Amino acid sequence: MKKEIRTLDSQLQKKDILNRDIVLFGAGQLGQMAIDLWPSELPRPICFFDQNAEAIKNINGIPVYSLKDAHEFDSTKILLLVAAFKLPV
């Protein structure tokens, strides 16, 4: 039974990736690394969301938007991947 669930879950993930626009949350070092290592068989992200969007503007031609612009995107048509990490001070 568990193997069937994993297989179904894997198929749903592939379907989601191929049928949705990919958006990355975080345009810092991890976001830049994600783009540098992005698999060529997957569609590139359409944009980033980042709290420092005004300072960053774009990464490798991919626009960076503020979180306050997120409402302009249809959440049923995007796949949001998190590329952010912050250590507690």
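Since the model is a prediction, treat every value here as computed from it, not as a measurement.
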Side-chain heavy-atom pair Phe48, Ile35 within 4.5 angstrom cut-off: yes
Whether Phe73 and Phe49 hold their rings parallel, tilted or perpendicular, with breakpoints at 30° and 60°: perpendicular
Interatomic spacing from CD1 in Ile59 to CE in Met33 - rounded to 0.5 Å: 12.0 Å
Within one Ile-Leu-Val-Met-Phe-Trp-Tyr cluster: Ile46 and Val82, side-chain cutoff 4.5 Å: yes
pair Ile62-Trp38: side-chain heavy atoms closer than 4.5 Å: no
Minimal non-hydrogen separation, Lys68 against His71, with atom names: O-ND1, 2.9 Å
Sole candidate of Leu80, Leu81, Leu79 that passes side-chain contact (heavy atoms from CB on, under 4.5 Å) when paired with Val23: Leu80
Any Leu24 side-chain heavy atom under 4.5 Å of Asp50 side chain: no
Spatial distance of atom CG (Asp36) from atom CG (Asn60) [nearest 0.5 Å]: 6.0 Å
Minimum heavy-atom distance between Ala84 and Gly26, given as atom pair plus value: CB-CA, 4.3 Å
